Structure formats: C-alpha cells, structure tokens
Trainee: 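There's a structure below that I have some questions on.
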There are 2 protein chains.
Amino acid sequence: MNQKRRGRRAAGEDTRAALIAAAREVFVEKGYDGATVRAIATKAGVDAAMVNHWFGGKEGLFAQSVLQLPFDPAEILKRVLDGPVEEAGERIVRTFVTVWDATGGGTFAALIRSVTSQPEVANALKSFLINAIFKNVLAEFGVEQRELRATLCATQMVGLGIVRYVVHFEPLASVDIDTLVKVIAPNLQRYLTGDLD
Amino acid sequence: MNQKRRGRRAAGEDTRAALIAAAREVFVEKGYDGATVRAIATKAGVDAAMVNHWFGGKEGLFAQSVLQLPFDPAEILKRVLDGPVEEAGERIVRTFVTVWDATGGGTFAALIRSVTSQPEVANALKSFLINAIFKNVLAEFGVEQRELRATLCATQMVGLGIVRYVVHFEPLASVDIDTLVKVIAPNLQRYLTGDLD
DNA sequence: GCCATAGTTCAACAGATGTTGAATTTATGC
DNA sequence: GCATAAATTCAACATCTGTTGAACTATGGC
C-alpha cells in the first residue's frame with residue numbers, strides 16, 4: 001500500500017532537502033556505518049536511489065548533511081569573544097552547551113559516532129574546535145603556548161560532550177547549564193589564560 | 001595455495017588465544033562494527049568458523065577480548081590512593097596516561113570506537129572510571145558531591161584520551177607524560193578536592 | 001593399535017548493503 | 001501542444017556479513 005507512483009513529482013516537494021534532514025537524524029543516531037541508505041530514504045519518504053541521484057552516494061550525502069554544521073563558527077566565535085577575558089571560560093562553556101543542548105546533543109554525538117570510521121570527521125572537528133574557535137580566542141587574548149592551550153581546551157570540551165551526550169553519565173548528563181558553567185568554566189579558564197607550569 | 005589441510009592440528013597451537021589477540025588488534029583499529037569476523041580469523045591464521053566454535057559468535061569474542069581489560073582496576077586504584085591527597089590529580093593523570101600509552105592508546109581507542117554501537121561498552125567504561133576508580137578515590141578523600149565530582153573527572157580523562165589517542169590533536173598527542181601531568185593535574189585536582197562553587 | 005572426541009577447514013546460506021539501469025511519469029522550453 | 005529533459009520508483013546485482021552443518025583429521029584414553 002505504500003508503493004508510490006513512479007515518475008516526476010509535482011513541484012514543491014524538495015527531495016534533496018528532505019534527504020539531508022533525514023540523513024542528519026539517522027547519521028546522528030547511528031553513526032556513518034550504522035546508518036543505511038535505505039533507512040535514510042525511508043525516513044525522507046523517497047526511494048534509496050535518490051541518494052545516488054542527488055548526492056552521488058552515501059558519502060556525498062554524509063558530507064552534505066552532517067559535515068555541514070548547522071551552526072556558524074563565526075557567530076560562535078563572536079559570542080565567545082564578546083566580554084572580559086577572565087570570563088571567557090564561562091562564555092565558552094555556556095555557548096557550547098547551549099548550542100549542543102539545542103539539538104539534544106545530537107550534533108555532538110554525530111561527530112563522535114562517526115569519528116571512528118570517517119577520518120574526515122576528525123579533521124572537521126579539528127578545523128572547528130581548534131582552528132576556528134580556540135586558536136582565534138587565544139590569539140585575541142595574546143597568551144603564549146597557544147597550540148598546547150587549544151588542545152587542552154579541546155580535551156575538556158570534548159570530554160564534556162562525550163560524558164553528557166554520548167555515554168550519559170549522571171548527574172552530569174542532566175545537570176542544568178548554570179551549574180555546568182559554574183563547575184567547569186574555571187578549569188577551562190586555566191587552560192586559556194592560567195599558569196600552565 | 002594458502003588452503004590448509006582440514007582436521008585437528010598438532011597440539012600447542014592455541015587457536016583461542018590467537019583469536020583473542022587478533023580480535024583485540026582489529027577491534028581496536030576498526031571498532032565493533034568495522035571489525036569483521038573474517039578479518040580477525042585471517043589475522044589469527046585460522047578459519048572464521050573458529051570464532052563461533054570458541055566464543056559462540058562475534059559478540060562473545062568481543063566480550064572476551066576487548067571488554068576483558070588488560071589491566072587490573074584494583075591495582076590502579078591502589079596506585080592512585082598511595083600518596084598525599086593534594087597530589088592525587090597528578091597520580092591519576094600519570095597512572096592513566098602511562099597505562100594507556102603502554103598499548104599505544106589502543107585500549108582506550110577500542111573503548112571509544114565501540115561505545116557507539118555497543119551499549120555494554122558504555123557501561124564497562126562507567127563501571128571502571130566512575131565506580132571502580134573515581135568514586136572510591138573520592139570516598140577515601142571524604143569530600144562532598146562525589147557523584148558530580150566523579151563525572152567531572154571523567155570528562156577530563158575521557159577528553160584527554162580522545163584528543164591524545166583517537167583524533168590525535170597535536171601537540172597534545174605527542175607531548176611527554178611529565179608535561180601532560182604538569183598541565184592537566186591541577187584541573188583534575190580541582191574536580192577532586194577543589195571548591196566547585 | 002582402536003576409537004570416540006575435540007579441533008579444524010570448507011562450502012554454502014540467508015540477510016543486508018550500496019549501487020545501477022531500465023521503466024515511468026511529470027515538468028519545462030519552445 | 002510537443003519533444004526533450006528531469007525526477008522518481010522499481011527490480012536486480014554484486015558484494016559482504018555472521019553463522020551453520022558437514023566433512024575431515026589428529027589426539028588421547030583404553
């Protein structure tokens with residue numbers, strides 16, 4: 001009963017967009033390997049062959065859905081830089097957790113779930129966290145040892161993401177944002193501007 | 001030409017042990033889904049059917065190889081508790097990184113690579129990090145908010161593991177242990193005994 | 001030395017997966 | 001309006017997956 005009529009549809013049904021939306025959901029939940037083209041197509045309400053038609057294959061769809069971040073690095077950077085240096089840790093934790101929480105942690109979980117099988121995902125994560133955010137922040141603050149500090153910041157934020165969104169260790173997984181900022185920000189602040197020796 | 005003669009082999013060839021060793025390597029590198037029974041069997045130099053014969057299937061082999069930690073939680077806990085409270089952070093970072101480095105990061109990477117598809121791995125990680133180590137340490141130190149502190153410690157250590165062993169962000173991925181201890185231990189110490197408010 | 005048994009390989013299966021080409025239907029350009 | 005092109009579904013393929021049962025062979029108890 002679910003069989004659809006063949007041939008071109010009426011205008012207005014944007015199959016491409018539907019696939020991207022569905023792909024985001026499924027990739028987030030299952031990771032690259034676990035997600036199947038058929039599952040994505042079914043969720044989008046179209047045939048699996050559409051993935052090849054519009055994106056050239058599974059990899060193309062992945063690149064166009066998950067790797068295209070749904071938030072703007074420049075916007076995040078602006079938010080993080082807007083305020084006194086000594087409160088940058090707070091702003092970073094609050095900004096990231098707010099953004100990540102908004103998608104139920106899915107955005108973050110998708111990255112981690114796929115980091116294993118897709119090397120490009122590790123690069124995307126690096127481009128975003130290290131290059132687009134932390135290095136710029138540190139350059140703005142004029143501190144030394146920026147490379148090391150940037151990766152240290154990454155350990156804290158990535159670890160926070162894993163514990164909160166992937167493995168769900170309580171109470172951290174459910175604690176409210178204000179508490180999270182209060183307990184974690186000082187540690188991040190040390191990585192940003194504190195004494196490392 | 002590679003075809004082996006059928007039937008029972010001469011004594012001394014421990015197929016079971018060979019499979020476990022090979023499984024550890026392959027699961028570490030590919031994660032649970034990415035690792036195939038055939039690849040593991042080939043690496044062990046035996047037929048894929050041996051996996052079912054000895055372990056009842058892929059899951060059984062996974063449980064007997066990766067989930068059987070190659071280090072003893074009690075031993076680690078003892079090392080961590082042996083010394084002044086205010087240096088516990090240092091001992092934790094040093095102990096963990098030493099153990100993880102010893103396997104080239106493979107032990108840790110295996111857990112993370114499999115955390116996505118195997119819920120039991122998340123539980124194993126929680127049992128080990130939170131229950132076996134951090135909660136005991138915190139109980140010994142007699143601080144408050146142990147559950148929250150334990151998960152905070154987990155964010156730092158898991159994040160460190162990911163950045164050093166999975167995504168390999170430099171310079172942190174290659175920095176020596178002493179430096180790592182120096183820069184990270186103070187943050188861990190705050191999560192253990194510091195003021196969270 | 002005989003023989004049941006445990007260890008091993010082999011061939012094959014059933015299911016799933018990404019992809020492809022043909023068939024079919026609608027939209028668009030002229 | 002008509003012809004071409006675009007969009008879509010469908011059926012099928014080749015490949016890979018974990019698993020199974022049968023066939024074969026060395027071991028070890030007697």
Side-chain angles (χ1 to χ4, degrees), chain A residues 1-23 25-27 29-66 113-114 116-118 120, chain B residues 1-23 26-27 29-67 113-114 116-118 120:
Chain A
M1 44 165 146
N2 259 348
Q3 55 186 359
K4 298 193 161 185
R5 180 171 89 273
R6 278 191 189 177
R8 187 167 181 167
R9 284 300 111 78
E13 311 180 17
D14 198 338
T15 301
R16 214 187 117 94
L19 273 175
I20 288 183
E25 282 187 56
V26 180
F27 279 134
E29 200 179 345
K30 309 280 190 179
Y32 182 82
D33 286 328
T36 72
V37 170
R38 282 174 170 81
I40 294 170
T42 300
K43 185 157 227 159
V46 299
D47 190 87
M50 289 290 92
V51 170
N52 287 273
H53 187 264
W54 287 109
F55 304 95
K58 187 183 184 181
E59 288 219 36
L61 177 54
F62 183 76
Q64 296 296 315
S65 57
V66 173
R113 291 231 156 83
S114 303
T116 156
S117 53
Q118 299 288 295
E120 27 177 335
Chain B
M1 47 166 142
N2 258 347
Q3 55 186 356
K4 298 192 159 183
R5 177 171 93 274
R6 278 190 189 177
R8 187 169 184 166
R9 284 299 108 80
E13 311 180 19
D14 197 339
T15 300
R16 212 188 118 93
L19 273 175
I20 289 184
V26 180
F27 279 134
E29 200 179 344
K30 308 280 190 178
Y32 182 82
D33 286 327
T36 72
V37 170
R38 283 173 170 82
I40 294 170
T42 300
K43 185 157 227 160
V46 299
D47 190 88
M50 289 290 90
V51 170
N52 286 273
H53 186 265
W54 287 108
F55 304 95
K58 186 183 185 182
E59 287 220 36
L61 176 54
F62 183 77
Q64 296 297 314
S65 57
V66 174
L67 288 191
R113 291 231 156 82
S114 303
T116 156
S117 53
Q118 299 287 297
E120 27 176 335

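Side-chain atoms are counted along with the backbone in the values below, which use heavy atoms only and exclude waters and symmetry mates. Only a predicted model underlies this, so the values are computations on that prediction, with no experimental measurement involved.
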Trainee: Can you check the Phe55(B) CZ to dG7(C) C1' distance for me, whole Å?
Mentor: 14 Å
Trainee: Using distance only, find each side-chain donor-acceptor pair of residues 53-63 of chain A under 3.5 Å and give its atom names and separation, not counting sequence neighbours.
Mentor:
unit_1	atom_1	unit_2	atom_2	d
Lys58(A)	NZ	Tyr32(A)	O	2.9
Lys58(A)	NZ	Ala35(A)	O	2.8

Trainee: Taking side-chain contact (heavy atoms from CB on, under 4.5 Å) as the test, write out the residues that go with Ala39(A), two or more places apart.
Mentor: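 side-chain contact (heavy atoms from CB on, under 4.5 Å) check on Ala39(A) returns Thr36(A).
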Trainee: Round to the nearest Å and state the distance from Met50(B) atom CE to dG18(D) atom C1'.
Mentor: 15 Å
Trainee: Taking all atoms of both residues into account, what is the closest heavy-atom pair of Ser65(A) and Ile20(A), and its distance?
Mentor: CB-O, 3.8 Å
Trainee: When you measure from the side-chain N and O atoms of Thr15(A) to the phosphate of dA7(D), is any distance below 4.0 Å, counting only OP1 and OP2?
Mentor: no
Trainee: Considering only side-chain heavy atoms of Trp54(A), which listed nucleotide, dA7(D), dG7(C), dT9(D), is closest?
Mentor: dA7(D)
Trainee: Under the side-chain hydrogen bond (donor to acceptor under 3.5 Å, both in side chains) test, which residues partner Gln64(A), sequence neighbours left out?
Mentor: none
Trainee: Over how many whole Å does the gap from His53(A) atom NE2 to dT9(D) atom C1' extend?
Mentor: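 Atom-to-atom, His53(A) to dT9(D), this comes out as 12 Å.
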Trainee: In whole angstrom, what separates Leu19(A)'s CG from dT9(D)'s C1'?
Mentor: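 Computing the Leu19(A):CG to dT9(D):C1' distance gives 14 Å.
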Trainee: Among pairs that include at least one residue of residues 35-52 of chain A, which meet salt bridge (charged side-chain N to carboxylate O under 4.0 Å, His left out), considering only residues two or more places apart or in two chains?
Mentor: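 Only Glu25(A)-Lys43(A) qualify under salt bridge (charged side-chain N to carboxylate O under 4.0 Å, His left out).
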Trainee: Arg16(B) CZ to dT8(C) C1': how many Å, rounded?
Mentor: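 Rounded to the whole Å, the gap is 16 Å.
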Trainee: Considering only nitrogen or oxygen atoms on both sides, find all protein atoms under 3.5 Å from nucleotides 15-21 of chain C and state each distance.
Mentor:
unit_1	atom_1	unit_2	atom_2	d
dG18(C)	OP1	Lys58(A)	NZ	2.8
dG18(C)	OP2	Val37(A)	N	2.9
dG18(C)	N7	Arg38(A)	NH1	2.7
dG18(C)	O6	Arg38(A)	NH2	3.0
dT19(C)	OP2	Lys58(A)	N	3.0

